[in-house]
Undergrad: 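I'd like to ask you about the structure that follows.
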Number of protein chains: 2
Amino acid sequence: MTFDPKRTIAELKELRSLTADDNGAQRVAWTDTWLNARNWFESKLAELPVEHHYDAAGNGWATLRGESEKALIIGSHLDSVPNGGWLDGALGVLTGLEILRRFAAEYNGRPPVTVRVVDWADEEGARFGRSLLGSSAFAGTDSIAVDRGRTDKEGIRLEAALRRCGVDIDRFPESQAEQKNAAAYLELHIEQGPVLERLGLPLAVVMGTKGVERHSITFSGQEAHSGSTPMGDRRDALAPLAKLALEIYSIAGKHKDAVCTIGSVKTFPGIVTAVVGRCEATLDQRDLNAEALAQMYREAKEASEDFAEQHGCSVEWSRIWNIEPVPFHPQLRQFCDEAIFEIAGNGIKLPSGPLHDAAEVSRVGIPTVMMFVQSLYGISHNKIEDTKEDHLEMAIRAMDVLARKAAKWISEQPR
Amino acid sequence: MTFDPKRTIAELKELRSLTADDNGAQRVAWTDTWLNARNWFESKLAELPVEHHYDAAGNGWATLRGESEKALIIGSHLDSVPNGGWLDGALGVLTGLEILRRFAAEYNGRPPVTVRVVDWADEEGARFGRSLLGSSAFAGTDSIAVDRGRTDKEGIRLEAALRRCGVDIDRFPESQAEQKNAAAYLELHIEQGPVLERLGLPLAVVMGTKGVERHSITFSGQEAHSGSTPMGDRRDALAPLAKLALEIYSIAGKHKDAVCTIGSVKTFPGIVTAVVGRCEATLDQRDLNAEALAQMYREAKEASEDFAEQHGCSVEWSRIWNIEPVPFHPQLRQFCDEAIFEIAGNGIKLPSGPLHDAAEVSRVGIPTVMMFVQSLYGISHNKIEDTKEDHLEMAIRAMDVLARKAAKWISEQPR
C-alpha cells in the first residue's frame with residue numbers, strides 16, 4: 001500500500017459517520033459507541049502483517065515486528081468527549097495506521113525497527129472524570145485506589161464499566177509491560193487553540209506539556225440581606241474572587257505562554273436578595289517552566305489572601321490536582337522541526353496547554369515528541385472542531401517524515 | 001388587661017416552641033405549621049372583644065370596633081422563611097395584639113377609633129417565590145395571572161396550595177374591601193441589618209422602603225480550552241462580571257444608604273478546564289430616592305457594556321422585578337420619632353432596604369410608618385436571628401406610644 005494521507009482523511013470521515021450523531025462524536029470511553037470504533041479500527045488492521053492486542057488497562061496495541069525489537073510507537077486515542085469533534089485523538093491514531101502501512105509496504109512486512117500504533121484507553125476521562133486513564137496505567141502513575149470508587153452520572157462505577165469491557169482495574173500495573181523496548185513515542189494532535197490559525201501556519205513542534213496547578217479556592221465572608229446591609233458593612237465573598245479573576249491576567253502575563261483560568265464560580269446562598277456569604281471557584285494554572293508555574297501559584301495565593309483581607313473574608317485553597325511540566329525529547333523535537341520544515345516550510349514551537357497521553361509516556365523516560373496541526377477557530381471538544389484538509393494532509397506527511405527520522409535514529413542506537 | 005411587653009416576649013417564645021425545630025422557625029405560608037401558628041394566634045384573640053376573619057387573600061384581620069369607623073391598623077406577618085427566626089414578622093403581629101389588648105382594656109372595649117391587627121398572608125414568598133402576596137392583593141397590586149402558574153419545589157401549584165387553605169386566587173381582588181376606613185398603618189419589624197447595633201441604638205424611624213431594580217445580567221464570550229487558549233485570545237465572560245462586581249461598590253457609594261448586590265453568579269460550562277463562555281449574574285439595586293436608583297441602574301448597565309467590550313464579550317440585561325421607592329407618611333414619621341424619643345431617648349431615621357407589607361399599604365395612599373428595632377449581628381432569616389429583650393420591650397412600648405398618637409390624630413381628623 002502506498003502512503004496516502006487522503007485515505008486517512010477518508011477514514012476519519014468514515015469513523016465520524018459510524019460514531020457521531022447530530023451533536024458530534026460520541027466515542028466516550030467504555031461505551032458501546034467507543035467499542036464499535038475500536039472494532040472498526042481492528043478491522044482496518046486485519047489487512048496488515050501486524051499483531052494486535054489490548055493490554056491490562058485496555059490500551060490497544062498494533063505491532064509490526066521489525067529487525068530490531070526496539071520500537072517506535074505512534075499513537076493517540078479513539079475516545080472522545082460527548083458531543084466531541086472528529087479529529088481530537090482519532091487523527092493521531094489513524095495517522096499512526098497510515099505510517100504503519102507505509103513501513104509494512106516499504107520493508108515488505110519487516111522494517112529495521114519494530115513499529116507500534118497505540119490507541120490509549122480513556123484519554124478524555126469524560127465519563128468518570130479521570131483523564132489519561134490508560135496511558136497513566138502504562139506509565140505506572142495510575143491511581144487505582146481513588147479511581148476504583150469513581151461513578152458516572154448514572155451512578156455506574158468505573159470499576160464495573162471497565163469490567164464490562166474486559167478490563168480489571170486491579171490488573172492495571174501489568175500494562176507497564178508494554179514499556180519494554182519502547183524507544184520513541186510520537187503523537188500528532190490538533191492544537192485545540194488559536195495560535196497556529198492566527199499566525200497562518202499549519203504545523204508546530206510541541207516543546208512539551210505544560211505543568212498544571214489546579215486548585216479549588218473558597219472565599220468565606222458573611223451572608224447578609226441585600227436590602228439592609230450597607231455597602232461598608234459587607235463581607236462580600238464575591239468581591240475578592242472578582243479581584244482574583246482579574247489579577248490572574250497580570251499573574252499569567254509575566255510569563256510567555258503561561259495561562260491561568262478561573263473556569264467555575266459558585267455563589268452561596270446564590271440568591272438575588274443576599275450578599276454572597278461563600279464563593280467557591282476553581283483556578284487552573286499552566287506553564288512549561290516549573291519555576292514560572294510555582295511563581296504563578298504563589299502569586300495567586302498571596303493575592304487571594306490580600307483580597308480576602310480587604311473585604312473581611314477568609315480564603316482557603318485546596319489542591320485538586322497538579323502535574324509537573326513535561327518537556328519533550330530534544331532530539332525528537334529537532335527531528336519534528338526538520339520534518340515540518342520539509343513539508344510545510346515555516347513552523348513554530350509551542351508548548352501544549354492541554355495534557356496528552358504523550359506526557360505520561362514521556363514521564364517514564366521514553367523519548368517523546370508531539371506535533372500540532374492547526375485547529376480552526378481554536379475550538380475542540382465540540383462538533384464544530386475542524387482543520388483544513390490540506391493542513392491535515394501536511395500533518396500526516398510531516399508525521400511520516402518524523403517517523404522515518406525517528407526509526408533511523410532508533411536503529412542507529414547501540415544495542 | 002394591663003399593657004405588658006413581657007407578655008409579648010413570652011408569647012413570641014411560645015410561638016417559637018410551637019413552630020420551630022432545631023433549624024429554626026418553619027412557619028412557611030400555606031403549610032400546616034403556618035396554619036397552626038394562625039390557629040394559635042386566633043386562640044389569643046378569643047379573650048378579647050374583637051371580631052376576626054380572613055379576607056379573600058388569606059390575610060387575617062382582628063377588629064376592635066371603636067366610636068369611629070376610621071381604623072388604626074397595626075400588623076405584620078406570622079409566616080417565616082424555612083429555617084427562619086423567631087422575630088421576623090411575628091414580633092409585629094404580637095405587638096399589635098398587645099396594643100389591641102391595651103386599647104380594649106383602657107376604653108372598656110370601645111376605643112375612640114377602630115383598632116385592627118392584620119396578619120398578612122405569605123409576606124416571605126418562601127415557597128412560591130412571590131413575596132408580599134397577601135398585602136399586594138389588599139393593595140390591588142396583585143399579579144394573579146403570573147402567580148397562578150407558580151409551583152413549589154415539589155411541583156405543587158400555588159393555586160392548589162392556597163385552595164387547600166381556603167383561599168381562591170381568583171377572589172384576591174375582594175380583599176381590597178379591607179381598605180375601607182383604613183386611616184393609618186403601623187408596623188414594627190426587626191432591622192435585619194447592622195446599622196442600629198453598630199450605633200448602639202435600640203430603635204429607628206423607618207423613612208420608607210427603598211425602590212428596587214432587580215436584573216438578570218448575562219455576559220457571553222467564548223468557551224475555550226483553559227490549557228491552549230493564550231490569555232490575549234480569550235473572550236472570558238467572567239472578566240467583565242468581575243469588573244462589574246467591583247464597580248457596583250463605586251456606583252452605590254455615590255448615594256447615602258444606597259445598596260447594590262450581585263447575589264448569584266453562574267458560570268458555563270463551569271468546569272475547571274474551560275474559559276467561561278457565559279456568565280449569568282443577578283444584580284439587586286435599592287435606594288429610597290427614585291432618581292438615585294435610576295442613575296445607579298443606568299451606570300451599572302453602561303459599565304457592564306464597557307466591561308463586556310473590553311473582553312470581547314456581549315452583555316444582555318433582563319429585568320426580574322422592580323418597585324418604586326415608597327416614602328412613609330410625614331406626620332406618622334414624626335409621631336414615630338417622638339415615640340422613640342419618649343421611650344429610648346435617641347433614635348435615628350433609616351430607609352428600609354428589605355421590602356415589607358407596609359410598602360404595599362402605603363402605595364394605596366393609607367398613611368403608613370414603620371419602626372425598626374435593633375437586630376443582633378444584623379442577621380435575619382436564620383435561626384440565630386435575635387434581639388436583646390430590653391430592646392424588644394422598648395420597641396413594644398414605643399409602638400404603643402406611636403399607636404396612641406396615631407389614634408388621637410385619626411380621631412381629630414374631620415369626618
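All values reported here derive from a predicted model rather than from experimental measurement. Proteins get letters first, then strands, A, B, ... in listed order; numbering begins at 1 in each. Because only heavy atoms are used, hydrogens play no part in the values below, and waters and symmetry mates are left out as well, while side chains stay in.
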Undergrad: If you compare all heavy atoms of B:Gly353 against all heavy atoms of B:Arg286, which two are closest, and at what distance to 0.1 Å?
TA: O-NH1, 2.6 Å
Undergrad: Pick from B:Thr209, B:Val195, B:Val275, B:Ile271: which one has the most heavy-atom pairs with chain A under 4.5 Å?
TA: B:Ile271
Undergrad: How close do A:Val326 and A:Ala359 get, heavy atom to heavy atom, and via which atoms?
TA: CG1-O, 3.9 Å
Undergrad: Of all of B:Lys243, B:Gln285, B:His225, which one pairs up most often with chain A through heavy atoms under 4.5 Å apart?
TA: B:His225
Undergrad: Check each atom of B:Ala237 against the heavy atoms of chain A and say whether the ones under 4.5 Å are side chain, backbone, both or neither.
TA: neither
Undergrad: Would you please say whether a donor-acceptor pair under 3.5 Å links the side chains of A:Glu385 and A:Ser380?
TA: no
Undergrad: For the candidates A:Gly232, A:Ala258, A:Gly263, A:Gly277, which exhibits the highest count of non-hydrogen atom pairs separated by less than 4.5 Å from chain B?
TA: A:Gly263
Undergrad: What part of A:Val272 gets within 4.5 angstrom of chain B, counting heavy atoms only: side chain, backbone, both, or neither?
TA: both
Undergrad: So for B:Ala274, is it side chain, backbone, both, or neither that comes closer than 4.5 Å to the heavy atoms of chain A?
TA: backbone
Undergrad: Other residues, nucleotides and ligands only: do more than 12 of their heavy atoms fall within 6.0 Å of NZ on B:Lys254?
TA: yes
Undergrad: Which heavy atom in B:Glu280 sits nearest to a heavy atom in B:Thr218, and how many Å separate them?
TA: CG-OG1, 3.8 Å
Undergrad: Under a 4.5 Å heavy-atom cut-off, does chain A meet the side chain of B:Glu223, its backbone, both or neither?
TA: backbone
Undergrad: For chain A, which candidate among B:Thr229, B:Val276, B:Asp233 shows the most heavy-atom pairs at distances under 4.5 Å?
TA: B:Asp233
Undergrad: Side chain, backbone, both or neither: which part of A:Ile379 has an atom under 4.5 Å from a heavy atom of chain B?
TA: side chain
Undergrad: Look at atom CD of B:Gln310 and say whether more than 12 heavy atoms of other residues, nucleotides or ligands are closer to it than 6.0 Å.
TA: yes
Undergrad: As an exercise: rank B:Ser228, B:Pro269, B:Ala242 by heavy-atom pairs under 4.5 Å with chain A and give me the winner.
TA: B:Ser228
Undergrad: Aromatic rings B:His356 and B:His189: how do their planes relate, parallel, tilted or perpendicular, breaks at 30° and 60°?
TA: tilted
Undergrad: In terms of heavy-atom pairs under 4.5 Å with chain B, which of A:Ser264, A:Ser352, A:Pro230, A:Gly193 leads?
TA: A:Ser264
Undergrad: What is the minimum heavy-atom distance between A:Tyr249 and B:Asp236, and which atoms define it?
TA: OH-OD2, 2.8 Å
Undergrad: Work out which heavy atom in B:Ser220 is nearest to a heavy atom in B:Arg278; give both atom names and the distance.
TA: OG-CG, 4.1 Å
Undergrad: For A:Ala281, is it the side chain, the backbone, both or neither that has a heavy atom under 4.5 Å from a heavy atom of chain B?
TA: neither
Undergrad: Top residue by heavy-atom pair count (under 4.5 Å) with chain A, among B:Asp284, B:Thr282, B:Leu283, B:Val259?
TA: B:Val259
Undergrad: Could you check which of A:Arg198, A:Lys210, A:Lys266 has the highest count of heavy-atom pairs closer than 4.5 Å to chain B?
TA: A:Arg198
Undergrad: Under 4.5 Å, counting heavy-atom pairs only, tell me which of B:His381, B:Glu191, B:Gln192 racks up the most with chain A.
TA: B:Gln192
Undergrad: Report the option among A:Ala245, A:Cys260, A:Gly378 that has the most heavy-atom pairs separated by less than 4.5 Å from atoms of chain B.
TA: A:Cys260
Undergrad: Starting from the C-alpha separation in whole Å, work towards a yes-or-no answer on side chain to side chain contact (heavy atoms under 4.5 Å, CB included) for A:Asn322 and A:Val212.
TA: CA-CA 5 Å; A:Asn322 73 332; A:Val212 182; 5.8 Å; no
